[in-house]
Amino acid sequence: MPKSNPEIAELFDRLADLLDVEDANPFRVRAYRNAARVIRGESRSMTELVESGFDLDGLPGIGEGIAEKIHEIVDTGRLSQLDKIAKRTPLTLSDLIRLPGLGPKRVKTLYRQLNIRSADDLRRAARKHKIRELPGFGETLEHKILDALDRYARGEHRWYLAEAEAIAAPLVNYLQKLDGVGKVTVAGSYRRRKETVGDLDILVTCRKGVRVAEYFVAYDEVESVDSQGDTRASVQLESGIQVDLRVVPAASYGAALYYFTGSKAHNVAVRGIAVKRGLKINEYGVFRDGERIAGRSEKEVFASVELPYIEPELREDRGEIEAARKGGLPELVTIEAIRGDLHSHTNATDGRESLESMAQAARKRGYDYLAITDHTRQVQVAHGQQPEDIEAQLDVIDEYNARNPGLRLLKSAEVDILEDGGLDLPDSILRRLDLVLCALHYRFELDRKAQTRRLLKAMDNPHCQILAHPLARLINEREPLDIDLQRILEHAAAAGCAMEINGQPARLDLPDVHVQYARSLGVKFVLSTDAHSTGHLDYMRYAVDQARRGWLQAGDVLNTRPLQDFLAALRHV
DNA sequence: GCCGTTTTCGGCCCGACTGTTTTCAGTCG
């Protein structure tokens, strides 16, 4: 069974955890963690790169040693070094190290002194009050560990960006009401517009940090307080999300925002550059020999290390620093550039509203065009339309367009990709459509070879202009398709078939790292909402977020073009 | 273990908070 990138990355993370417990060279530990991060953020499959003879040594953070280990994993499915270490330091310790409050040192003590190897061992020992007797531990920590174990049993939860927004908005509003508070900004992965966030990081400018922290923990929705100090505090809300607050003076706003936005890997890399120049960057500013030389704005911070401003969405240490140095940063696409939505449903299938209402809402948004893309017959759960129903709908659209100048409704369909890669509408109807969107809705479990063949064949049909939600994943619910994405993207680039970035909060498909890679191959994109109601048209924001995280410029996105340009830019038979 | 517009050896980001200490290690972001 070939290993996926996340599986390979996990092996390196575990190796790092165990070495950490064993007190290995911390920089070596960091190198493994860094490699894990790079592998997770790589669109191309390590397995296929190895099989094609690609030189892994060229990837950032991956040298000769780790490249060799990746080869071993791909060839044998095992990492012998990890197996070797696991004989003396149990693999399950890496589960413990991930519990909040426990790190390598404490896990080591637990293992050495009480032979605790697993979460179950740990729970038993805590209940018998064995933990509090250990050196460096105590009663409070014992309680904290039991709490952490309860949370661990419930599993880690990451929140859709849309959910996080709904939770953050009233809290930001609340914080703003306190006297003396200046700016209130949600930073962290939320500001980087990552598809999901694990917690909320809120930055506040104010002279009196203590007062803000006190006010913050008194917020209605706060369930428990994890920590509270003069400049920061951390709480759990009743919704279950963790919120970290940080308070700095206004003069430090830029430096603090920069630090608090992350990502950690990006910050570490830029701080490294600063060190080489004899500078120190922290959340209060940029310092040379103890003297503060910048920090009011993020731009100042970047300028201090001679870099142009880097947009938050790019700050993942995935090449943005090098691009910034060379003046090669992309000018990211914006929501204002979007001229139309290319994926929407009506109550003819599983949408909730009429064609007229959808059109009205699109017009209100100022769009030039909206594609009506109801399902085809094979998708029975969504009441897919028979070919004759679709033909009837085309006439309705023609009539609508004749009556309503300004907005152009595009005749389309979300054509189902059949198991054999065929399309669920005859060419005679496909030919009549302004736009053909193709998507896969069942048999997600086909093996890699068959699934890849299925999508390649679908794209071989010259009518297939856009591949919608290409990975068919649902965040937190359904894994992405097992496909050779590199081959599919190369095929799409060659055939001129565009990839969709679907803005539904649970889809956001294609994901950022694949978008970035696809762009490098010359693949074109469209941004759509897959709206099932007029309100869903608002999901375009999330599609834009994902596009920006994938380095897309307006020129990479076909629906930034006016109608005629857009239609001409699509693939044609 | 990785890396190089000062280096192929000698570096590798930085500060806040907690709990257990009696001056600080561990953890976290």
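Keep in mind it's a predicted model, so treat the numbers as computed, not measured. Lettering of chains follows the sequences in order, A, B, ..., and the numbering in each one begins at 1.
- Contact annotation for A:Lys144: no contact, since no heavy-atom pair falls under 4.0 Å across all strands.
- Distance noted for atom P between B:dT22 and B:dC13: 32 Å (whole Å).
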For A:Tyr542 and A:Glu165: C-alpha separation, side-chain torsions, deciding distance, then whether side-chain hydrogen bond (donor to acceptor under 3.5 Å, both in side chains) applies. CA-CA 11 Å; A:Tyr542 305 118; A:Glu165 282 180 348; 2.5 Å; yes
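- Using atom C1' as the reference point in both B:dT21 and B:dG26, the two lie 12 Å apart (nearest Å).
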Residue pair A:Thr92, A:Arg117: steps toward the side-chain hydrogen bond (donor to acceptor under 3.5 Å, both in side chains) verdict = CA-CA 6 Å; A:Thr92 46; A:Arg117 296 156 176 264; over 6 Å; no
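- Side-chain atoms of A:Thr89 and A:Tyr111 form no donor-acceptor pair, as typed in the model, at a separation below 3.5 Å.
- In 5' to 3' order, the nucleotides of DNA chain B bounding all contacts with chain A (an atom under 4.0 Å from a heavy atom) are B:dG1 to B:dG29.
- Using a cutoff of 4.0 Å between basic side-chain nitrogens and carboxylate oxygens, A:Lys3 and A:Asp75 are not scored as salt-bridged.
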request  = Begin with the C-alpha distance, continue with both residues' side-chain angles, and end with the deciding distance and a verdict on side chain to side chain contact (heavy atoms under 4.5 Å, CB included) for A:Arg318 and A:Asp512.
outcome  = CA-CA 11 Å; A:Arg318 278 192 211 132; A:Asp512 50 12; 4.1 Å; yes
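- Heavy-atom nearest nucleotides on DNA chain B were determined for A:Gly65 and for A:Arg325, and the one closer to the 5' end corresponds to A:Gly65.
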For A:Leu175 and A:Leu171, run side chain to side chain contact (heavy atoms under 4.5 Å, CB included): C-alpha distance rounded to whole Å, both residues' side-chain angles, the deciding distance at 0.1 Å, then the answer. CA-CA 6 Å; A:Leu175 289 168; A:Leu171 177 52; 4.3 Å; yes
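- Contact annotation for A:Lys105: backbone-only contact, meaning every heavy-atom pair under 4.0 Å involves sugar-phosphate atoms and none involves a base.
- Rounded to the nearest Å, the gap between the P atom of B:dT20 and that of B:dC28 is 15 Å.
- Within residues 68-81 of chain A, the residues having any heavy atom under 4.0 Å from DNA chain B are, by residue number, A:Lys69.
- Rounded to whole Å, the C1' atom of B:dC12 lies 27 Å from the corresponding atom of B:dT18.
- The distance between the ring centers of A:Tyr259 and A:Tyr284 does not fall below 6.0 angstrom.
- Here A:Gly101 lies in heavy-atom contact (under 4.0 Å) with sugar-phosphate atoms only.
- Within 6.0 Å of CD on A:Glu68 lie no more than 12 heavy atoms contributed by other residues, nucleotides or ligands.
- A:Pro26 comes within contact range of no nucleotide atom at all, as no heavy-atom separation falls under 4.0 Å.
- Residue contacts shown for A:Tyr259 include a base, since a base heavy atom lies under 4.0 Å away.
- In summary, of the residues considered (A:Lys194, A:Arg193, A:Arg192), a side-chain hydrogen bond (donor to acceptor under 3.5 Å, both in side chains) with A:Asp545 occurs for A:Arg193 alone.
- Using a 4.0 Å heavy-atom cutoff across all strands shown, A:Leu99 reaches sugar-phosphate atoms only and no base atom.
- Within the cation-pi definition used here (under 6.0 Å to the ring centroid, within 45° of the axis), A:Arg507 does not qualify as a partner of A:Tyr160.
- Both A:Asp230 and A:Asn267 lie near DNA chain B, and the one whose nearest nucleotide falls closer to the 5' end is A:Asn267.
- A distance of about 26 Å separates the P atoms of B:dA16 and B:dG11, rounded to the whole Å.
- Nucleic acid contact for A:Val268: base, since at least one base atom lies under 4.0 Å from a heavy atom of the residue.
- Of the nucleotides present, B:dG4 is the one that pairs with B:dC9 by Watson-Crick or G-U wobble criteria, both distances under 3.5 Å.
- Separation of the C1' atoms belonging to B:dC17 and B:dT23 is 16 Å when rounded to the nearest angstrom.
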